[in-house]
Amino acid sequence: MRIDIITVLPELLQGPFSASILKRAQDKGLAEVHLHNLRDYSVNKQKSVDDYAYGGGAGMVMCIEPIDNCITSLKAEREYDEVIYMSPDGEQLNQSISNRLSLKKNLILLCGHYKGVDERVRQHLITREISIGDYVLSGGELAAAVVTDSIIRLLPGVLNDETSALTDSFQDNLIAPPVYTRPAAYKDWTVPAILRSGDLKSIEKWRHDESIERTKERRPELHKKYSK
Ligand code: ADE
């Protein structure tokens with residue numbers, strides 16, 4: 001899978017993609033992440049990518065032309081499944097969106113800044129908008145990193161233990177059960193005996209019951225979906 005990220009701050013994104021699982025996925029050839037500096041597609045000498053808003057008001061607006069130039073040049077090379085604008089107004093990211101996006105071949109993520117993009121970008125160039133939550137970030141870069149991470153870790157072969165993405169929280173609308181490691185007793189805090197019993201069937205049932213209980217307690221709205 002290939003993800004192209006269009007940004008005015010590529011340096012902000014270099015870090016997250018050059019360590020740990022995201023780096024390993026790229027080193028193994030399972031995912032490609034390409035960063036494109038929007039300024040390289042600017043049409044003026046100053047390399048500016050924003051301008052004053054028509055009608056006045058505070059804040060700059062990202063211009064359509066550099067964005068169109070960048071998207072058009074990418075589309076000339078390959079077909080894209082989605083052109084996604086990272087925006088707090090978008091559909092809120094959840095595990096099922098990440099699962100579906102992980103099945104795609106080529107994605108473009110466009111990071112917004114300032115007061116956002118010229119509305120015509122949203123009308124004509126992008127196919128969907130994704131938010132990572134009801135709060136406003138300084139730009140779409142961190143949101144794009146979150147989306148990219150949540151997708152790439154799902155690609156077959158990326159995680160060492162193939163089953164581990166399947167047993168993540170949210171895969172079945174349940175929060176993951178508690179986990180423990182050695183020592184079995186620390187101060188007087190002990191690991192539940194069942195987990196040390198070696199009885200795999202009972203352990204599986206205990207974990208499932210704990211997941212349900214936790215979800216009911218912490219995320220009642222998810223628990224409702226699970227019980228349906
Ligand atoms: N850009 C700014 N805030 C954002 C958010 N919450 N989600 C996605 N993109 C954003």
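In each ligand, atom 1 is the first atom listed, and ligand 1 is the first ligand listed. The chain is numbered in sequence order, starting from 1. Everything quoted here is computed from the prediction, not taken from an experiment.
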Please write down residue, atom name and distance for the protein heavy atom closest to [atom].
atom                   : result
atom 6 (N) of ligand 1 : Tyr135 O, 2.8 Å
atom 3 (N) of ligand 1 : Leu137 N, 3.0 Å
atom 9 (N) of ligand 1 : Ser87 N, 3.2 Å
atom 1 (N) of ligand 1 : Pro88 CD, 3.6 Å

Ligand-side contact atoms (ligand 1) for residue partner Ile130, heavy atom cut-off under 4.0 Å: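 Within the 4.0 Å cut-off of Ile130, ligand 1 contributes 8 (C).
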[X] side, atom [atom1]; [Y] side, atom [atom2] - distance, nearest 0.5 Å:
X      : Y      : atom1 : atom2 : value
Glu204 : Asp209 : CD    : CG    : 11.0 Å
Phe17  : Lys23  : CZ    : NZ    : 14.0 Å
Cys63  : Asn44  : SG    : CG    : 8.0 Å
Arg39  : Asp50  : CZ    : CG    : 7.0 Å
Asn106 : Glu79  : CG    : CD    : 9.0 Å

Option nearest atom 7 (N) of ligand 1 (shortest heavy-atom distance, choices Val136, Val147, Ile132, Leu142):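 Going through Val136, Val147, Ile132, Leu142 one by one, Ile132 has the nearest heavy atom to atom 7 (N) of ligand 1.
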Under-4.0 Å heavy-atom contact with ligand 1, by part of Asp134 that carries it: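 The answer is neither; Asp134 stays 4.0 Å or more away.
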Check for me whether Gly139 has a heavy atom closer than 4.0 Å to any atom of ligand 1.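 Yes; Gly139 lies near enough to ligand 1 that a heavy-atom distance drops under 4.0 Å.
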Is the closest N or O pair between Gly133 and ligand 1 shorter than 3.5 Å?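 So ligand 1 has an N or O lying under 3.5 Å from an N or O of Gly133.
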Before accepting this row, confirm whether a basic side-chain N of the pair Glu77/Lys75 lies closer than 4.0 Å to the acidic partner's carboxylate O.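 Not counted as a salt bridge, because no side-chain N and carboxylate O are separated by less than 4.0 Å.
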Would you sort out whether Leu137 and Ile132 count as a side chain to side chain contact (heavy atoms under 4.5 Å, CB included), showing the intermediate values? CA-CA 10 Å; Leu137 301 165; Ile132 62 162; 4.0 Å; yes
